[in-house]
Amino acid sequence: MPDTHEWLVTGMDCPSCAAKIKGAVAQLPGIEAVEISVMSRKLRVTATAHATPPADIENRVKSLGYGIEAIALAGSTPTAHTGADEHTTQTDAPWYRTGKGHLVLLTATLLVVAWGLALLLPASGNWPFIVACLAGLIPIALRAFAAIRAGQPFSIEALMTIAATGALFIGAAQEAALVVFLFAVGELLEGVAVSHARDGIRALSTLVPKTALREKNDMMEDVAATELVPGDVVIVRPGDRIPADGKIISGTGGVDESPVTGESMPVTRGPGDPVFAGAINNETALRVQVTRAAADNTIARIIRLVEQAEDSRAPTQRFIDRFSRWYMPAIVGLSALVVAIPSLFFGQAWSVWVYRGLSLLLIGCPCALVISVPAAIASALCAGARHGLLMKGGAVIEATAAIKTVALDKTGTLTMGQPEVTDILCLDQHSTAEVLALAAAVEKASNHPLAQAIVRKAAGMALPPVQDSRAIAGKGVSAMLDGQIITIASPRHATQDGALSSAAAAQATAMESEGKTVVVLYTSTALALIGLRDEPRQDAQETIRQLRSLGVTPLILTGDNQRTAAAIAALLHVDYEAELLPEQKQQTIRELAARGPVMMVGDGINDAPALKQATVGVAIGSGTDVTLETADAAILRNCITDIPALIRLARSTMGNIRQNVSIALGLKGVFLVTTIIGMTGLWLAIMADTGATVLVTLNALRLLRTKPAGLAQKN
């Protein structure tokens, strides 16, 4: 039976670091799987039992120059180490307390001393600079040799060691010392930049309170939020964060769900309503029954989704990873040719061309290129998660950016998902208010969605007392008022009962042609026609407008009848296909995908096949767990204008990636040429490489400041 172990790795600040660790650990005997995440800093290894002790894995990682600390897996025996959840909320140490910070301070101090001695004691020669160079180079060289032993000869540490050592041999000690210092600064800046990117996930993990007030045996007790299990009842006081996903048992008030969904306005929640862990109770005390354990609450699921999404690489990133694997050996070969050809075949000075070849090694390092894509992807995932826009990885982001068609489910996605009274047409002397009160009195005992819509419409009105309310199977509802039977039924049944005139029937047909469901309130004759319809969301038209402004074609796919679908489509000015079974929706998506990338947006179990078939499937708002698991992306706010916002975020991310790749390749291209012709040297080469890495990382971090409001203003 394989054993699985997990560690927290410190000092890992870029994908090349992760690749180095993964490659080194994978070569150990008995290793079956290695998973590593730069953002969460977690290393997870599955190995044949007793084949490779955890201590050997830790030693291999330490030999590469990284720190490592074991994490107790869920369900395992607790150890002396800190739990994984605590690691997630742990902040990075200040830069001056890290190993890279120590190296920067050491090399900086020695470099200043060396320059001071050169000014005060010129006779000391290059020895102070040689000492400064070696002091900073030895830790780098040890990491390079460890990587070589692990089968990775073309690491940045190896290139740095060759370049600095070669510079010492040709007498360029001052530049060698400066290059080592700049390299240390560059690595430190990478760590600081990635730490800012981690803040997005860290901010999510701190939303859930540490403790909860649990009700047990009529007593209140403070417990750790991680101890809560489904079925527990907790008291959430005004101003407190809700400690777990749950359902309100008692209490009604405004709940601020913005930390989870990004929805800026508090929403009123009452008995029976679900609430999220991390949401803030603004008003009255709430009794909440826990429905999910801490490890499975909404915040934890979002964090897992963001962390797991890192492993879903965008096609662009996969290409760059393949490119960098042959790019590094090519740069080493080119450097060797730059050294050898002019000196061997054209009689040029060896020292000049060795110097240029070493400079070429440094400028050719692919760090900036390798980090350009994952840094942008990680920033976009964190920015989206903070505002309720979840995407499962770089491949989803890249596919979303290319979307040409968005297929939308109607009920619950474009519409409110429940019928509302739209028309009350009185057919006798009764007023609209009297008709509505009478209809609500008849319907109040019914659970039918149409009955509930009429009762909601009459909320706050005084209802007349009725007796003997009963459902008429397949027809409607009736009740007795003042000795007279009052019925609510469809126009067809009202006509069969002889209560609906031909003129009134024509009016009912006209209302039905507008996509409304019509019911008739009647005694022996019709009293009123009541029209109901599942109305479009208030933001539906704005969503369609924004999609068109992005060059995306919207389309309604629904299982509803043709008449209702046509009415909603006409209101929104969009094409539609109606009366589709789940498999027919899936087939339609397949046909659309053959013509270009298509996004499917839905919220029900019946949408799951179509979501899976689409280039990008998006679950929205109150989507079921099945839909959320099937979908490639999710919109937590019940707001469909987030659909174009999702596309804008993806396009902004891909634009950021293109900028990063251009910066990385552009700077390298310029300095490769200037290095070969002798215009730039070692220290400028390492500055260009470090500068490019820092520039692309900082550019990627701009995505962290992205907000839905800002996205909605862009086209």
Indicate the atoms forming the closest heavy-atom contact of Ala225 with Pro209, along with that distance. CB-O, 3.2 Å
Please check if the side chain of Ser379 supplies one atom and the backbone of Ala700 the other of a donor-acceptor pair under 3.5 Å. yes
With side chain to side chain contact (heavy atoms under 4.5 Å, CB included) as the test, pick out the partner of Val338 among Leu360, Val354, Leu358. Leu360
Got a donor-acceptor contact below 3.5 angstrom from the Asn59 side chain to the Ala55 backbone? yes
For Ile676, does its backbone N or O pair with a side-chain atom of Arg356 as donor and acceptor, under 3.5 Å? yes
Can you give me every donor-acceptor pair (side chain of residues 156-177, partner residue at least two apart or in another chain, under 3.5 Å) with its distance?
| unit_1 | atom_1 | unit_2 | atom_2 | d |
| --- | --- | --- | --- | --- |
| Glu157 | OE1 | Lys20 | NZ | 2.7 |
| Glu157 | OE2 | Lys20 | NZ | 2.8 |
| Glu157 | OE2 | Arg143 | NH2 | 2.9 |
| Thr161 | OG1 | Glu157 | O | 2.8 |
| Thr165 | OG1 | Thr161 | O | 2.7 |
| Glu175 | OE1 | Tyr355 | OH | 2.4 |
| Glu175 | OE2 | Tyr355 | OH | 2.6 |

Enter the distance from Ile663:CD1 to Leu695:CG here, rounded to the nearest 0.5 Å. 5.5 Å
Do Thr52 and Val45 pass the side-chain contact (heavy atoms from CB on, under 4.5 Å) test, and can you show the C-alpha distance, the side-chain angles, and the key distance before you say yes or no? CA-CA 10 Å; Thr52 298; Val45 178; over 6 Å; no
Roughly how far, to the nearest 0.5 Å, is CD of Glu58 from CD1 of Ile68? 5.0 Å
For Ala184 and Thr107, work out which heavy atoms get closest and say how close. CB-OG1, 4.4 Å
Given side chains that start at C-beta, do those of Leu337 and Trp353 come closer than 4.5 Å, heavy atoms only? no
Can Leu381 and Ile397 be said to form a side-chain contact (heavy atoms from CB on, under 4.5 Å), step by step? CA-CA 9 Å; Leu381 291 172; Ile397 291 176; 4.1 Å; yes
Do Val25 and Ile36 come within less than 4.5 Å of each other through their side chains, counting heavy atoms only? no
Can you give me the closest heavy-atom contact between Thr653 and Ala380, atom names plus distance? OG1-CB, 3.1 Å
Rounded to the nearest 0.5 Å, how far apart are NE2 of His5 and CD1 of Ile71? 13.0 Å
Nearest non-hydrogen partners of Asn660 and Ala376, listed with the distance: ND2-CB, 4.2 Å
Are Phe129 and Leu111 packed together at the side-chain level, in the sense that at least one heavy-atom pair is separated by less than 4.5 angstrom? yes
Please check if the side chain of Arg44 supplies one atom and the backbone of Glu6 the other of a donor-acceptor pair under 3.5 Å. no
Does any non-hydrogen side-chain atom of Phe181 lie less than 4.5 Å from one of Val112? no
Is any side-chain heavy atom of Val61 closer than 4.5 Å to a side-chain heavy atom of Trp7? no
Taking all non-hydrogen atoms of both residues into account, name the closest pair between Thr675 and Ser359 and its distance. CG2-CB, 3.3 Å
Locate the shortest heavy-atom distance separating Asp56 from Leu28; write the atom from each residue and the value. O-CD1, 4.2 Å
Residue pair Thr400, Asp632: steps toward the side-chain contact (heavy atoms from CB on, under 4.5 Å) verdict: CA-CA 10 Å; Thr400 301; Asp632 302 300; over 6 Å; no
Does Ile657 reach the side chain of Ile377, with side-chain heavy atoms less than 4.5 Å apart? yes
Rounded to the nearest 0.5 Å, how far apart are CG of Leu672 and CD1 of Ile677? 11.5 Å
Please determine whether the number of non-hydrogen atoms from other residues, nucleotides or ligands lying under 6.0 Å from atom CH2 of Trp350 exceeds 12. yes
Got a second to check how far Asp3's CG is from Thr48's OG1, nearest 0.5 Å? 9.0 Å
Rounded to the nearest 0.5 Å, how far apart are CG of Leu389 and CG of Leu649? 6.5 Å
Check whether any side-chain heavy atom of Val208 sits under 4.5 Å from a side-chain heavy atom of Arg241, and report yes or no. no
